[in-house]
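Atoms within a ligand are numbered from 1 in the order they appear, just like the ligands themselves. Position 1 is the first residue of the sequence; numbering continues from there.
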Amino acid sequence: MIKFLDLKNINEPYGKDIENAIKRVVKSGWYILGKEVGAFEREYADYIGVGHTVGVGNGLDALRIILQAYMVMGEMEEGDEVIVPSNTFIASIMAITENRLKPVLVEPDIETYNIDPNQIEKKITGKTKAIMIVHLYGQNAHSQKIGKLCGKYDLKLVEDAAQAHGAYHEEKRIGSLGDAAAFSFYPGKNLGGMGDGGAICTNNFQFAECCRALSNYGGETKYKYKYKGFNSRLDEIQAAILRIKLKGLDADNRKRKEVANFYLQNISNPEVQLPKCKDEASHVWHLFVVRVKNRDEFIRHLKEEGVEASIHYPIAPNEQEGYPELHKCDLPITNQMHKEVVSLPISPVLDEKQLQKVVKAVGSYQTVEVKV
Ligand SMILES: *Cc1c(COP(=O)(O)O)cnc(C)c1O
């Protein structure tokens with residue numbers, strides 16, 4: 001069986017280096033906010049091409065703290081609106097509602113699965129304060145059009161970059177495109193740790209320091225609390241692991257691209273819609289998502305052929321039980337998409353034989369004819 005996500009194999013090439021790094025931290029006697037976090041923050045800021053990185057506990061908190069920082073700095077207030085794609089992972093929306101801001105859902109472009117820039121302007125009101133773009137499945141979601149809207153209406157551009165470490169928009173890396181960006185280092189992400197982790201990237205020093213304070217009880221100095229913050233820090237062991245894996249990120253992303261290109265060139269089945277990639281550098285293929293009409297049947301077929309698939313995501317945010325306020329949204333593309341998407345295995349460590357097997361499994365799928 002080809003696993004959907006084989007973290008053991010993905011981390012195998014880094015094994016010895018990671019063990020040594022962990023030993024170094026254990027021996028140092030310093031486990032929270034020390035040298036490793038400081039070094040990782042500098043290295044990651046350089047990699048992304050921003051002035052500042054702030055390590056935090058996870059990707060959701062990175063987003064949550066960004067919005068909270070705007071609130072404590074007086075740029076946003078309760079009830080203000082944030083534009084967000086309707087087909088994102090729930091964390092993007094949760095970060096907005098957690099801050100008592102209002103998510104305004106915008107449908108994706110079905111070609112890219114990313115927010116449709118042409119549907120944004122009509123959702124902008126006097127209360128809109130930000131556009132949160134999500135680089136879904138690893139593909140850049142930014143565009144000139146979105147940049148212009150932010151300028152025209154004086155909106156913050158916040159990036160949810162949790163799925164797109166290393167991707168580019170034109171000459172710039174994702175995470176450096178707007179006012180602030182959030183990353184997750186959840187183990188399955190393109191840059192994944194061995195536990196939870198996240199980071200905020202920004203070019204604004206004052207904003208970075210505000211985020212740093214919020215993530216550490218709201219204090220810029222110990223025992224003195226400027227804000228009502230909380231505790232969400234990247235730990236030394238995760239930072240040490242991420243420093244090692246960051247060195248291999250570009251190579252890992254290149255291998256993901258090879259896998260994606262292999263699928264794109266070799267999968268041929270009229271019942272299976274392949275994803276579209278506008279230009280090579282803009283996509284780091286966190287996920288390879290196809291669309292099929294009879295999804296359950298398709299997944300069953302793949303399993304019989306020895307291929308494990310997954311779904312990102314089976315239920316749209318506007319249909320989630322925990323979000324009754326979103327149930328009335330009219331989002332036909334989103335609802336359709338969530339019934340059809342299937343994620344095929346993709347990682348830096350799949351070999352040619354495995355790829356052939358996936359191609360064969362997908363290619364041999366046929367909808368069972370319903371006889372009348
Ligand atoms: C993973 C993910 C997050 C949240 O990251 P965590 O570290 O799991 O909190 C946020 N947004 C998107 C798009 C993600 O894929």
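- Both the sub-6.0 Å distance and the 45° axial angle are not jointly satisfied by Arg300 relative to the ring of Tyr365.
- Note: Phe230 and Tyr217 fail the aromatic proximity criterion, with ring centroids not under 6.0 Å apart.
- Closest approach of His283 to Cys277, counting heavy atoms only: CB-SG, 3.8 Å.
- A salt bridge links Arg212 with Glu41: the distance from a Lys NZ or Arg NE/NH1/NH2 to an Asp or Glu carboxylate oxygen falls below 4.0 Å.
- At least one N/O-N/O distance between Gly59 and ligand 1 falls below 3.5 Å.
- At a 4.0 Å heavy-atom cut-off, ligand 1 touches Val134 through the side chain alone.
- Heavy atoms of Leu60 found under 4.0 angstrom from ligand 1 belong to the backbone as well as the side chain.
- Ligand 1 is approached by Lys189 to a heavy-atom distance shorter than 4.0 Å.
- In the candidate list Ala164, Ser184, Ala91, Ala91 is nearest to atom 10 (C) of ligand 1, counting heavy atoms.
- Salt bridge annotation for Arg243-Glu36: present, with a cationic side-chain nitrogen under 4.0 angstrom from a carboxylate oxygen.
- For atom 11 (N) of ligand 1, the nearest non-hydrogen atom from the set Asp160, Leu63, Asn58 belongs to Asp160.
- Contact check on Glu77 versus Arg100 returns no salt bridge, with no Lys/Arg side-chain nitrogen under 4.0 Å from an Asp/Glu carboxylate oxygen.
- By the 3.5 Å distance cut-off applied to N or O atoms, Thr88 is not counted among the residues near ligand 1.
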